[in-house]
Trainee: 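Have a look at the structure that comes next, please.
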There are 2 protein chains.
Amino acid sequence: MTVIPIYRKDSTHPQAQICQACAVRQFAFFGALDDNGLERIHQHIADQRIEPGQSIFSAQEAGQAVFTVRSGVVRLERVSERGDRRILRLAGRTDLIGLESVLSQRYAADAVACTPVEVCRIPRTLVDELSAAEPQVVLDLMKRWQRALDDAEEWLAELTTGPARRRMLRLLLKLSEYAQPGDMVWLPMRDEMGAMLDMTVETASRMVSALRREGVLEPMGTREAHLDMTRLMQALRAQDST
Amino acid sequence: MTVIPIYRKDSTHPQAQICQACAVRQFAFFGALDDNGLERIHQHIADQRIEPGQSIFSAQEAGQAVFTVRSGVVRLERVSERGDRRILRLAGRTDLIGLESVLSQRYAADAVACTPVEVCRIPRTLVDELSAAEPQVVLDLMKRWQRALDDAEEWLAELTTGPARRRMLRLLLKLSEYAQPGDMVWLPMRDEMGAMLDMTVETASRMVSALRREGVLEPMGTREAHLDMTRLMQALRAQDST
DNA sequence: CGAAAACTTGATTAGCATCAAACCAGGTGG
DNA sequence: CCACCTGGTTTGATGCTAATCAAGTTTTCG
């Protein structure tokens, strides 16, 4: 528990308390900043709530800000030359998305909320100022780029190859990384699964149904499910050994 | 044409001339440096020649250096959980690989020469020193991370989806980016194509043979080919419209 | 020159896409 | 409150694409 200094307890700016109390702060972009640093910046940061299906930013748009995901799951997707949507990777709590805006580049992909999402919008100009003042910030940025690259490469190696059943199992494993408190994982719509795993809705549905019958998966309310991790890992091992 | 100052014309260190005359210097990592900066560093840089099939670095190895590719084509690949090799992306002239070493992280993938390759090995410690001295260098690093991410995402969106024929056509298009002077492109082995496009050697062979018969592709000597770009683009359009 | 490696081609089969139809949940308006 | 509609999901039947299995051919290199 951090003790909040008295002089700031009744700060006039409402964002002050929010940044101060931010649950993801220690992992997130401004973990590197001390309270003083935080004080200087909070008025430029806006926190936003985004409903499922709504876009956070779009590909080709001139990037003006990066976003820290405070809760929920965001998908990053592109439309291929052929015209079909492909989901490239997911971002969750503590992830920073839209990094390319720091370089004054256009966003390279669409970012769309999969669940209700809370993000903090951090303007590019602010990142520039901070980078000049705090060398830690630049290092943190580079680490985040590397993480994004790692995620993309892992997605490519594990989620685009092998039979449909294996890809679905690996997706569930990945989704478990974004689990809510209470073991609940977000269960994507079947067409989202299709865009992630390069399969049709019908195939996605068949795989999910099969796994439900096997007890790997238990849908709990719309768009959520409980995973039996033991059975999931077991199914994966069985899959990979054949 | 840069005029080379007299005082350096007979520098004792052989690497001095090489760095000075480096054909990729303006695009490569040290484009940001002036001659003075270059003078300070060249003794730490080693240029290496690597034969096809040889490894430049391996995944999990503690990264001690980044590498600028001066010529040839390098593949970045991972072994999936299931145990099969997956090629994630390619790197060519002016690309910088092994960026994660700057963060003192382990290499995330294997880097293997596809053709005869020339690289400059740049130690991590040198990058650190330069970053402190020259702010441009850090910006350049971030741009390169973003480029790597872009490449990985494009690979995912264009080369992992659609029928085998389309994926092969798109691979040829990508290979044309790495063309030699004289329109010659490197033609991978069939099993490399398989690892790039997630198909078997047999399917890769069938696709290449078909495209050769259609005149899209003309093998010229081992491991090289001439592409008819007009027919290639035409075949791609026909493919995507169906 | 001979062996190994890479490539090609053919026949058969498995897995997934496609087409088609039914099913279900949640929201709306009569 | 219920009938209805809509968007998402499930299931079934059929066909096509690419994997697999199996030779055979060409190239490479000691």
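Lettering of chains follows the sequences in order, A, B, ..., and the numbering in each one begins at 1. Atoms considered below: every heavy atom in the structure, side chains included; atoms not considered: hydrogens, waters and symmetry mates.
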Trainee: Quick one: the side chain of B:R190 and the base of D:dT26, do they pair up donor-acceptor inside 3.5 Å?
Mentor: no

Trainee: Nearest whole angstrom, please: distance from the C1' of C:dT8 to the CE of B:M189.
Mentor: 16 Å

Trainee: Can you find a donor-acceptor pair, distance only, under 3.5 Å between A:E202 side chain and C:dC16 base?
Mentor: no

Trainee: Return no unless some side-chain N or O of B:R213 is found under 4.0 Å from OP1 or OP2 of C:dT9.
Mentor: yes

Trainee: Can you tell me if the side-chain N/O atoms of B:R223 get under 4.0 Å from OP1 or OP2 in C:dA6?
Mentor: no

Trainee: Could you tell me whether the phosphate oxygens of C:dT9, OP1 or OP2, come under 4.0 Å of any side-chain nitrogen or oxygen in B:S209?
Mentor: yes

Trainee: Side-chain N or O of B:T222 versus OP1/OP2 of D:dT28: is the shortest distance under 4.0 Å?
Mentor: yes

Trainee: Does a side-chain N-to-carboxylate-O contact under 4.0 Å join B:R166 and B:D240?
Mentor: yes

Trainee: Between A:E192 and A:M189 (side chain of the first, backbone of the second, donor and acceptor by atom type, cut-off under 3.5 Å), is there such a pair?
Mentor: yes

Trainee: Parallel, tilted or perpendicular: which describes the rings of A:F67 and A:Y107, with under 30° parallel and over 60° perpendicular?
Mentor: tilted

Trainee: Could you check whether B:R212 gets within reach of a base, just the sugar-phosphate, or nothing at all, counting any heavy atom under 4.0 Å?
Mentor: sugar-phosphate

Trainee: Are OP1 or OP2 of D:dT9 and a side-chain N or O of A:S205 less than 4.0 angstrom apart?
Mentor: no

Trainee: Do the side chain of B:D110 and the main chain of B:A59 share a donor and acceptor less than 3.5 angstrom apart?
Mentor: yes

Trainee: Consider salt bridge (charged side-chain N to carboxylate O under 4.0 Å, His left out). Of A:K174, A:R170, A:R89, which one does A:E158 pass it with?
Mentor: A:R170

Trainee: Can you tell me how far P of C:dA5 sits from CD of B:E192, to the nearest Å?
Mentor: 16 Å

Trainee: What's the CZ-P distance between A:R166 and D:dA19, to the nearest Å?
Mentor: 15 Å

Trainee: Kindly say if A:T203 contacts the phosphate of C:dC16, meaning a side-chain N or O under 4.0 Å from OP1 or OP2.
Mentor: no

Trainee: Is there, by distance only and without an angle test, a donor paired with an acceptor across the side chain of B:R206 and the base of C:dG10 below 3.5 Å?
Mentor: yes

Trainee: Rounded off to whole Å, could you give me the CG-to-P distance for the B:D198 and C:dG15 pair?
Mentor: 15 Å

